Enquirer: 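Right, I'll just put the structure down here and ask away after.
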Number of protein chains: 2
Amino acid sequence: MAKTPAGGARPPRADARRNQERILAAAREAFTRHGVDASLNDIARRAGVGPGTLYRHFPTREALLEAMLADRYHALAGHARDLAGTAPPAEAVPRWLSAFVRDLRAFRGLATSMKNALYDEGSVLFVSCKEMQVAWDVLVVHAQVAGVVRQDASPADLLRLAAALAWATEDLPEDTTEADRLLDLMLTGVMRG
Amino acid sequence: MAKTPAGGARPPRADARRNQERILAAAREAFTRHGVDASLNDIARRAGVGPGTLYRHFPTREALLEAMLADRYHALAGHARDLAGTAPPAEAVPRWLSAFVRDLRAFRGLATSMKNALYDEGSVLFVSCKEMQVAWDVLVVHAQVAGVVRQDASPADLLRLAAALAWATEDLPEDTTEADRLLDLMLTGVMRG
DNA sequence: ACCTGAACACCGTTCAAGT
DNA sequence: ACCTGAACACCGTTCAAGT
């Protein structure tokens, strides 16, 4: 029994754990430099492992991405809950969306991965950011009840529009304010009258 | 002199002209089916030519795309001029943007090509849609003078936002109305008060 | 249990050789 | 003047062979 604990995964072998960490570090650097379409063979090479080892730990590119982003999504969920408790909805919604867009601009192509996830509930990435989605839903519904967000703009709509803004600005310098300017256009509306 | 007319290109050889047409037809089908990242080798194969012949006629993927889209951009330019003369700005702007988004949804990945073009004035695609951009500029400025479009929303902003909507909806069925719904959110604004 | 790395079927792109 | 197609350096992915 001590050797096969019911329902529990054995602790990973030391070399496996080390490889996993090295792969993640190499992937983070490659994605930052070349975007989420960076070569997986190259990542394995730089991590000092064979391609098979990378695939053993992360069966798909999306799984690799998810492992790198789980923390961020968890933090965004916390941020949404904080804002719900401390800021008026009219401020909370734009502020959270701005943070979400900023995070989606971390790697080129990340907005596209997020879009795919938002349209596919079975995807690893969708599941991974579910906590965030729930917290965001609450925040938006509050804002709708308060009358500051249109009823026909769903929380998912806003996530998709934010992803679209991240996509539109993903090749601009990291410190650009263009994303926030376009976000303002979108939230307050382009047309008058 | 008759054999080397000053400044004029000789009429293309018959086989060259035929190959060009076959390549364009194959590319149109491949882009429709697989998106703008479709395999160029495969397109050459289906057109019945060697890869070198494809590259001779279209040195880059963008050049191939441009040849397929030039007509469409010309038509969109005409559409913008028509609307400027016949419809009130408050209707003309949303109607043209809707048509632009529809065209950008013709192939998967086309919105991304357009985004790249809009940020690179030297690109083949940027030059190719210049007539369209000029006509659109006129339409938007009219709308701004009439007070129906914000002064701080430039014509280029609106093209980028429209491309972003096409990107956000590019994997949805061709006949979806989702793009128009999101366009309305963007134009009239998500937030109230 | 985990890792290695050769192997496979692709890809974009080039360029010598043909006609 | 134009075309061919082999060739090069990649890519993602798999899997037999090792330890």
Side-chain angles (χ1 to χ4, degrees), chain A residues 2-5 7-27 29-31 33-67 107-109 112-113 116 124, chain B residues 2-5 8-27 29-31 33-67 107-109 112-113 116 123-124:
Chain A
K3 289 195 166 181
T4 60
R10 235 184 284 266
R13 235 166 60 177
D15 56 347
R17 217 176 83 82
R18 216 195 35 148
N19 278 337
Q20 180 142 342
E21 281 167 10
R22 294 176 60 141
I23 290 167
L24 270 177
E29 186 175 334
F31 285 3
R33 200 183 312 250
H34 305 293
V36 299
D37 292 326
S39 160
L40 296 181
N41 277 341
D42 188 56
I43 290 171
R45 205 157 32 231
R46 285 170 194 273
V49 304
T53 303
L54 186 150
Y55 277 87
R56 164 170 268 269
H57 286 283
F58 306 101
T60 63
R61 187 184 293 274
E62 208 198 3
L64 186 51
L65 199 54
E66 189 278 330
F107 317 125
R108 231 173 328 122
T112 298
S113 301
N116 294 338
V124 181
Chain B
K3 288 195 164 179
T4 59
R10 236 185 283 266
R13 235 166 61 177
D15 57 346
R17 219 176 82 84
R18 216 194 36 151
N19 278 337
Q20 180 142 342
E21 280 166 11
R22 293 176 62 142
I23 291 167
L24 270 177
E29 186 174 335
F31 285 3
R33 200 184 312 252
H34 305 295
V36 299
D37 291 327
S39 161
L40 296 181
N41 277 341
D42 188 57
I43 290 171
R45 206 155 34 231
R46 286 170 193 272
V49 303
T53 302
L54 188 149
Y55 278 86
R56 163 170 269 268
H57 285 282
F58 305 101
T60 64
R61 186 184 292 275
E62 209 198 3
L64 186 51
L65 199 54
E66 190 278 328
F107 317 125
R108 233 173 327 122
T112 299
S113 301
N116 293 338
S123 82
V124 181

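As a basis for the values below, the full set of heavy atoms in this structure was taken, side chains included, without hydrogen atoms, waters or symmetry mates. Bear in mind the structure is a predicted one, so any value in this text is a computation, not a measurement. A, B, ... follow the sequence lines: proteins, then strands. Residue 1 opens every chain.
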Enquirer: Send over the distance from A/E62 CD to D/dG12 P, rounded to a whole Å.
Expert: 16 Å

Enquirer: Are any non-hydrogen side-chain atoms of B/L64 and B/I23 less than 4.5 angstrom apart?
Expert: yes

Enquirer: Looking at every heavy atom in both A/H57 and A/Q20, which two are closest together, and how far apart are they?
Expert: ND1-OE1, 2.9 Å

Enquirer: Expressed in angstrom and rounded to an integer, what is the separation of A/H34 atom NE2 from D/dC10 atom C1'?
Expert: 14 Å

Enquirer: Who are the salt bridge (Lys or Arg N to Asp or Glu O under 4.0 Å) partners of A/R13, not counting sequence neighbours?
Expert: A/D15

Enquirer: Is the side chain of A/R61 donor-acceptor paired with the backbone N or O of A/A38 at a distance under 3.5 Å, no angle test?
Expert: yes

Enquirer: For nucleotides 3-5 of chain C, list the nitrogen or oxygen atoms of the protein found under 3.5 Å from its nitrogen or oxygen atoms, one pair per line.
Expert:
{"from": "C/dC3", "atom 1": "OP1", "to": "A/N19", "atom 2": "ND2", "distance (Å)": "2.3"}
{"from": "C/dC3", "atom 1": "OP2", "to": "A/H57", "atom 2": "NE2", "distance (Å)": "3.2"}
{"from": "C/dT4", "atom 1": "OP2", "to": "A/G50", "atom 2": "N", "distance (Å)": "3.2"}
{"from": "C/dT4", "atom 1": "OP2", "to": "A/T53", "atom 2": "OG1", "distance (Å)": "3.0"}
{"from": "C/dG5", "atom 1": "O6", "to": "A/G52", "atom 2": "N", "distance (Å)": "3.2"}

Enquirer: Round to the nearest Å and state the distance from B/R61 atom CZ to C/dT14 atom P.
Expert: 13 Å

Enquirer: In whole angstrom, what separates B/D42's CG from C/dC11's P?
Expert: 6 Å

Enquirer: In whole angstroms, how far is the P atom of D/dA9 from the CZ atom of A/R45?
Expert: 14 Å

Enquirer: Report the distance from atom CG of A/N19 to atom CG of A/L54, rounding to the nearest 0.5 Å.
Expert: 10.0 Å

Enquirer: First locate atom CD1 of B/I43, then atom CZ of B/F31, and finally report the distance between them rounded to the nearest 0.5 Å.
Expert: 4.5 Å

Enquirer: Taking only side-chain N and O atoms of B/S39, does any of them lie within less than 4.0 angstrom of OP1 or OP2 on C/dC10?
Expert: no

Enquirer: To the nearest angstrom, how far is B/Y55 atom OH from C/dC11 atom P?
Expert: 11 Å

Enquirer: Nearest whole angstrom, please: distance from the P of D/dC10 to the CD1 of A/I43.
Expert: 16 Å

Enquirer: Identify the stems formed by DNA chain C, where each pair is Watson-Crick or G-U wobble with both distances under 3.5 angstrom and a stem is at least 3 consecutive pairs.
Expert: C:4-8 with D:12-16, C:12-16 with D:4-8

Enquirer: Could you tell me how far apart B/N41 (CG) and D/dA6 (P) are, to the nearest whole angstrom?
Expert: 12 Å

Enquirer: Excluding sequence neighbours, so at least two apart, what forms salt bridge (Lys or Arg N to Asp or Glu O under 4.0 Å) with A/R18?
Expert: none

Enquirer: Who pairs with B/R56 by side-chain hydrogen bond (donor to acceptor under 3.5 Å, both in side chains), at least two apart in sequence or on another chain?
Expert: none

Enquirer: Under 4.0 angstrom, heavy atoms only, what part of the nucleic acid is A/A38 near: base, sugar-phosphate, or nothing?
Expert: sugar-phosphate

Enquirer: Please list, chain by chain and in numerical order, all residues satisfying salt bridge (Lys or Arg N to Asp or Glu O under 4.0 Å) with A/D42, sequence neighbours excluded.
Expert: A/R45, A/R46

